[in-house]
Amino acid sequence: MSHSAAPLHVDGVIRVPGDKSISHRSLIFAALAPGRSEIRSILNSADVRATARVLTALGANIPKLEDSFVVHGVSPRELRSPREILDCANSGTTARLMIGVVSGLVGREARFEGDASLSRRPMRRVARPLSAMGARVEFEGPEGHEGLPLRVFGAALRPIEWNSEHASAQIKGAILLASLVAGVQAEVYEPHRSRDHSERMLAARGVRLDVMMNGVRILPAQQLTPLDVEVPGDPSSAAFFAALAALASSGTLRLPNVCLNPTRTGAFDVLRRMGAKLHIEDERSVGGEIVGTVVVAPGDVRATDIGGAEVPSCIDELPLLACVASRARGETRITGASELRVKESDRITAVVNNLRAIGADADELADGLCIRGHERPLSGRVVTHGDHRLAMAFGILAALPGNSITIDDPACVEVSFPSFWHDLARAIGPIASNNHAHHAFSESPATHLVIAIDGPAASGKSSTAQWVAHRLHVRHVDSGALYRALTALGVRSNVPAEEWTAEMLLERAGAIQMHLTERSVVPWIDDAPVDEELRSVAVTQSVSRVAQMPSVRDWVNARVREAGRASDIVVDGRDIGTAVFPDAALKVFLVADPWERARRRLVQRLSRRPSDAEIALETETLVARDALDATQSVPARDAITIDTTALTQEEQVERIVALAKATRERLR
Ligand code: S3P
């Protein structure tokens, strides 16, 4: 079926981040294995940071998550009752696995909490087997509420044989961890086999297990031996790009180093069945998991049925497969998937409502959904309920030419795939090769709509600007990334950072190209994308020094101005409305009281709710910084100041979008 008006060409290599399930487990197992374990390529996302935080609060030694780091594990007996509440944020895996760990720690107790979405998710399913083993789990929410917050009292546990009603690796993992920590035997059976990373990782660490068809037995009184781990790429993240390639008109995407554990690859099988040209190259075994390169090219996409034992192997990808089905010929039925109702959102209702909101044809079933594909363009607003997988699934539909879809909360991808929008822009860009009605810089007319967003430190201007650009279907120019690109050239030069001069950096600046994608203008170096390098620690450490060099500022401002001559843009940064674009059609100056700015900055940095004491400290830092910046942070005379203290980010974005639309009308 031809899916959209204009052709979409995809091309390139996307390296998806580390597998989320393996990342959580690599931290937990390293923390519980006395000795040294090195972890490489962990997924550094909000969910995994929640596990790191909970382990730290229990007394484990977890350093900052970097590309490579060492955990010095201790015997579980050395873990203590945490002083603070264990905040699991949005992460069901953190909550369920760590409730299992605490259950086996005799005499320890801990209170588990989560965000609104996690607090709605059922915890009775782990509380029942753990209570049957002898732990005490007290639900602390309103009467009858069987989710977080809850308190766990660890105890000397009894062996257990448990028949789980659900095929769930989190239930299985919680029981295995409780029995490991308590040193007792456990057997877990499930209706279909769920992902088996716990089993593989335990076995690799010397634990004796019997793995059966739909069950596992862990033998008593065992200790983990430490083991280095290289976390492979997440197949659930790779699936978004496999789907994009399947729905494109031409080209190939290559996704290297993806975990191909057979309990996880259901979505690849389904996409192949739907007509995608998908094959695996370079398959090999790494640390007990199969990994390989997934190579995907477009196909004539048709409907399929998904159900039964296949469901657990693609459970997290079902929202995405439903989105693919909306572009496929025929009716796709997904059944046996009632688990979807208790994920980060009710993914059956939410997917169907959103598909309908953008003009697709879908119905709810009690245990799944049914989608009839068509070719008409899709347009409208997607409500994600903060659910990362919904944002990304609909993000793939939004990337198809002819569709006009906005996502209410694109930032929620932080939970599992922080670089998703960047990678998506790379997969579908550069625009020039896509035959869209966009132009490269040199061919462009001279005047365009420039929306300049300025404001003091931590006013949230960058993330708001990105979102505004997304809503208006124009490009966001990331001036910060240009400073980072120059800094990266400094790092590459091997000259110590203290000795860098503006002249030396600018001499090398010819290596930087401004790369246009559908929604952004990002710097590349030597014709290659460098977003990971730009976020590296070395660059982060030196970028503020580089950004203070006056001739570097001039260079960056000139590049940003060029981008403004090429197409409509949203650009954020200091001096943007005054020095860089004094003629910008719309200038917005965002302000918020320092307490609120400090709070937002900490939430972003820590991925959790900061304490008042932490906010107070950060507020002091910000006020001091404001005083230093006083000359820079002056709004342009014709800027519209928006006080965002009491506004959500969505409200800020809506206001700026409304102003931009009015400005467009005025200019017409
Ligand atoms: C996970 C198991 C699955 C999955 C989740 C991660 C894990 O949940 O949906 O994203 O790492 O164990 P269930 O075990 O509840 O199906």
Side-chain angles (χ1 to χ4, degrees), residues 17-29 42-43 45-48 50-51 54 88-101 114 117-118 120-129 147-148 162 164-178 188-202 214 216 231-232 234-240 259 261 263-267 289 309-321 336-348 351 367 387-390 392-393 412-413 415-417:
D19 183 75
K20 184 155 79 69
S21 295
I22 297 178
S23 294
H24 285 294
R25 288 164 175 80
S26 64
L27 282 178
I28 298 172
F29 295 148
I42 199 167
L43 167 68
S45 79
D47 264 19
V48 178
T51 291
V54 167
C88 304
N90 192 247
S91 176
T93 311
T94 306
R96 296 197 176 114
L97 296 187
M98 292 309 299
I99 288 172
V101 170
S117 148
L118 180 56
R120 280 192 295 270
R121 299 179 65 184
M123 293 295 153
R124 170 67 72 195
R125 50 177 59 198
V126 286
R128 277 181 56 220
L148 302 187
W162 191 254
S164 173
E165 278 170 49
H166 314 277
S168 161
Q170 295 178 356
I171 301 175
K172 177 172 64 180
I175 299 172
L176 290 177
L177 277 162
V188 189
Y189 297 93
E190 34 186 8
H192 297 296
R193 179 165 212 183
S194 64
R195 61 189 67 188
D196 64 359
H197 304 297
S198 295
E199 293 91 310
R200 286 173 187 251
M201 294 176 79
L202 285 168
N214 289 331
V216 54
V231 180
D234 195 326
S236 301
S237 299
F240 295 109
C259 176
N261 177 319
T263 61
R264 297 290 303 283
T265 47
E289 294 283 2
E310 188 171 43
V311 166
S313 71
C314 57
I315 187 76
D316 292 338
E317 293 74 71
L318 290 175
L320 169 70
L321 294 170
S338 42
E339 275 299 296
L340 287 179
R341 296 211 181 268
V342 292
K343 293 293 180 188
E344 286 83 329
S345 64
D346 175 342
R347 288 183 175 161
I348 294 180
V351 168
D367 66 343
D387 184 337
H388 55 133
R389 299 219 190 269
L390 293 194
M392 294 186 277
C412 66
V413 303
V415 160
S416 66
F417 195 166

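Order of appearance sets the numbers: ligands from 1, and atoms from 1 within every ligand.
Between Asp19 and Arg264 there is a salt bridge, since a side-chain N of the basic residue sits under 4.0 Å from a carboxylate O of the acidic one.
For the residue pair Glu310 / His192, no side-chain donor-acceptor distance below 3.5 Å is found, with atom types taken as modelled. Side chains of Ser164 and Lys172: a donor-acceptor N/O pair is absent below 3.5 angstrom, by distance only. Under the 3.5 Å distance criterion, with hydrogens and angles disregarded, no donor-acceptor pair is assigned to the side chains of Asn214 and Glu190. Side-chain contact check for Ser45 and Asp47: no donor-acceptor pair (N or O, by modelled atom type) lies under 3.5 Å.
The shortest N or O to N or O distance between Gln170 and ligand 1 is under 3.5 Å. The shortest N or O to N or O distance between Lys343 and ligand 1 is below 3.5 Å. Ligand 1 has an N or O atom lying under 3.5 Å from an N or O atom of Ala169, backbone or side chain. Any N or O atom pair closer than 3.5 Å counts here, and Arg25 shares at least one such pair with ligand 1.
Atoms of ligand 1 found under 4.0 Å from any heavy atom of Ser21 (numbered from 1 in listed order, with element): 1 (C), 6 (C), 7 (C), 11 (O). Contact atoms of ligand 1 toward Thr93: 1 (C), 6 (C), 7 (C), 11 (O) (distance under 4.0 Å to a heavy atom of the residue). Against a heavy-atom cut-off of under 4.0 Å, Asp316 is close to the following atoms of ligand 1: 4 (C), 5 (C), 9 (O), 10 (O).
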Decide side chain to side chain contact (heavy atoms under 4.5 Å, CB included) for Leu118 and Thr94; before the verdict, give the C-alpha distance in whole Å, the side-chain angles of both, and the deciding distance to 0.1 Å. CA-CA 10 Å; Leu118 180 56; Thr94 306; over 6 Å; no

Show the numbers, then the answer: is there a side chain to side chain contact (heavy atoms under 4.5 Å, CB included) between Glu165 and Arg128? CA-CA 11 Å; Glu165 278 170 49; Arg128 277 181 56 220; 3.5 Å; yes

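Looking only at protein heavy atoms, the nearest one to atom 15 (O) of ligand 1 is Ser168 OG, 3.2 Å.
Only side-chain heavy atoms of Arg195 come within less than 4.0 Å of ligand 1; its backbone N, CA, C and O stay farther off.
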